[in-house]
2 protein chains.
Amino acid sequence: MADRNAANVMGRGESLLFLTDDQLRRGIEAMFFAYRGFTADPDRILQDYGYGRAHHRAIHFINRSPGTTVNNLLSILGVTKQSLNRVLRTLVEDGLVDSRVGTRDKRERHLFLTPKGAALERELSEAQRSRMRDAYRAAGPEAVAGFRTVLEQMMNLEMRRQYMDGGDGAR
Amino acid sequence: MADRNAANVMGRGESLLFLTDDQLRRGIEAMFFAYRGFTADPDRILQDYGYGRAHHRAIHFINRSPGTTVNNLLSILGVTKQSLNRVLRTLVEDGLVDSRVGTRDKRERHLFLTPKGAALERELSEAQRSRMRDAYRAAGPEAVAGFRTVLEQMMNLEMRRQYMDGGDGAR
DNA sequence: AGTTTATGTCAGCCTTGTTGACTTTCCAAG
DNA sequence: CTTGGAAAGTCAACAAGGCTGACATAAACT
């Protein structure tokens with residue numbers, strides 16, 4: 001019974017794919033190393049500026065959604081406002097992020113990257129894109145399509161979880 | 001020129017795949033959320049034991065390579081011996097890890113999981129496998145094959161980097 | 001005998017997460 | 001117009017888990 005520990009993963013009835021626990025274990029390990037590699041370049045760049053990953057995350061999501069509020073960011077990142085505030089404060093002080101009082105609701109702060117902030121964002125994301133392109137190139141286009149599909153699924157599972165049991169955003 | 005920012009990823013001449021910077025950005029984001037989801041279940045479990053991710057990593061790699069030495073673990077994990085030692089000490093004290101003096105080289109300590117440690121390892125990895133199976137099931141077998149290919153590539157790129165510029169393992 | 005290696009340990013620092021308590025601002029319902 | 005509560009910010013204190021530097025010990029190597 002070599003299939004004692006097999007995970008039966010099947011598509012829409014078309015075909016079958018058996019993955020043993022050991023194959024899954026290698027996938028788990030690959031995730032660990034891949035993610036580490038994935039953050040390595042930005043980490044090095046950030047060090048020159050005296051920033052950490054927390055700053056990177058804030059910069060990334062402000063770039064993605066310019067004008068987002070602090071509360072928005074809070075629920076996306078899943079950290080406490082105290083943690084985020086510490087990071088945001090330094091970014092504003094250093095002139096990378098612009099925090100504008102809301103016009104409709106003046107309690108809210110809308111966050112934007114300054115040109116300086118946008119420049120750092122480009123530097124960081126270009127490093128990650130470059131690494132991702134390298135992996136994509138080596139794997140080939142079909143593998144890339146599958147990779148993106150699975151990753152989207154993993155992301156969706158996570159977003160659902162976040163929404164279900166902790167979207168309070170104001171701990 | 002919609003392709004101004006396109007990354008041309010091509011296979012072995014078979015087909016072409018253009019990925020814009022925006023598509024790559026979504027991939028980057030998916031990595032972030034996927035990894036977070038990926039560590040969420042273990043993190044919850046570990047909390048009950050008073051452990052963190054560092055303990056999980058040690059347990060994982062000791063399980064993968066029973067009898068591995070401290071130095072081995074150090075170079076795999078890429079942390080300082082002080083950091084690893086703190087974690088290892090508690091695991092040994094709590095009876096999850098067995099540290100045996102080497103027979104050939106008595107300076108070395110060979111690390112093994114005790115039954116108790118192996119039990120926790122199973123609990124942790126089962127949570128991760130389960131989540132991975134969910135994503136695989138939702139994505140379908142063809143996507144899974146591609147996913148594994150790309151992830152292996154990303155891992156390989158990382159292992160190569162680690163070997164090149166910092167495999168000193170004794171900071 | 002002297003050096004290098006493997007490991008462990010002490011002390012102290014940094015980042016980034018946490019909780020709890022408190023204030024200020026200000027929208028909106030009563 | 002007052003007041004409740006949401007949004008934002010601040011202070012203090014703490015923990016995990018990274019880091020550096022210094023030092024100790026035993027074993028192995030030369």
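Sequence lines set the chain letters: A, B, ... in the order given, protein chains first and strands last, and positions in each chain run from 1. As the structure is a prediction and not an experimental result, all values here were calculated from the model.
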Using only modelled atom types and a 3.5 angstrom limit, is any donor from either the side chain of B:Gln82 or the base of C:dG12 paired with an acceptor on the other?
no
Can a donor-acceptor pair be found, under 3.5 Å and without considering hydrogens, that links the side chain of B:Thr149 to the backbone of A:Ala139?
no
Check this one for me: any side-chain N or O of A:Thr80 less than 4.0 Å away from OP1 or OP2 of C:dG17?
no
Contact residues, residues 83-103 of chain A to DNA chain D [heavy atom, < 4.0 Å]
A:Asn85, A:Arg89
Determine: side-chain N/O of A:His55 to OP1/OP2 of C:dT15, distance under 4.0 Å, yes or no.
no
Taking the inter-plane angle between the rings of A:Phe147 and A:Tyr136 on a 0 to 90° scale, is it parallel (under 30°), tilted (30 to 60°) or perpendicular (over 60°)?
perpendicular
Rounded to the nearest Å, what distance is computed from the CD atom of residue B:Gln47 to the C1' atom of nucleotide C:dT18?
10 Å
Looking at B:Leu111, is its backbone amide N or carbonyl O close enough to the side chain of B:Ser99 to form a donor-acceptor pair, meaning the two atoms are under 3.5 Å apart?
no
Out of the candidates B:Asp43, B:Leu120, B:Val87, only one should pair with B:Tyr51 under the side-chain contact (heavy atoms from CB on, under 4.5 Å) rule; please name it.
B:Leu120
Carboxylate-amine/guanidinium proximity below 4.0 Å for A:Glu158 and B:Arg131:
yes
Of the listed nucleotides D:dC19, D:dA8, D:dA22, the one nearest the side chain of A:Lys81
D:dA8
Could you tell me the separation between the CG atom of A:Leu74 and the C1' atom of C:dT18, rounded to a whole number of Å?
13 Å
Quick one: which of A:Val70, A:Thr68, A:Leu73 gives a side-chain contact (heavy atoms from CB on, under 4.5 Å) with A:Arg109?
A:Val70
With distance as the sole criterion, is a donor-acceptor pair present between the side chains of A:Asp94 and A:Tyr49 under 3.5 Å?
no
Which one of A:Arg148, A:Arg129, A:Arg133 satisfies the side-chain contact (heavy atoms from CB on, under 4.5 Å) criterion with B:Leu19?
A:Arg148
Any side-chain N or O of B:Asn71 below 4.0 angstrom from OP1/OP2 of C:dT7?
yes
From NE2 of B:His56 across to P of D:dG18 the rounded distance in Å is 13 Å
With clusters defined by side-chain heavy atoms of hydrophobic residues (ILVMFWY) lying less than 4.5 Å apart, directly or transitively, does A:Phe112 cluster with A:Phe61?
no
Residues in contact with DNA chain D, drawn from residues 57-64 of chain B - heavy-atom cutoff 4.0 Å:
B:Arg57
Assess whether a salt bridge exists between B:Asp22 and B:Arg26, defined as any Lys/Arg side-chain N lying under 4.0 Å from an Asp/Glu carboxylate O.
yes
So which of residues 104-113 of chain B are in contact with DNA chain D, with a heavy-atom cut-off of under 4.0 Å?
B:Arg104, B:Asp105, B:Lys106, B:Arg107
When you look at B:Asn63 and B:His60, which way does the side-chain contact (heavy atoms from CB on, under 4.5 Å) test go after all the steps?
CA-CA 5 Å; B:Asn63 177 69; B:His60 173 95; 5.9 Å; no
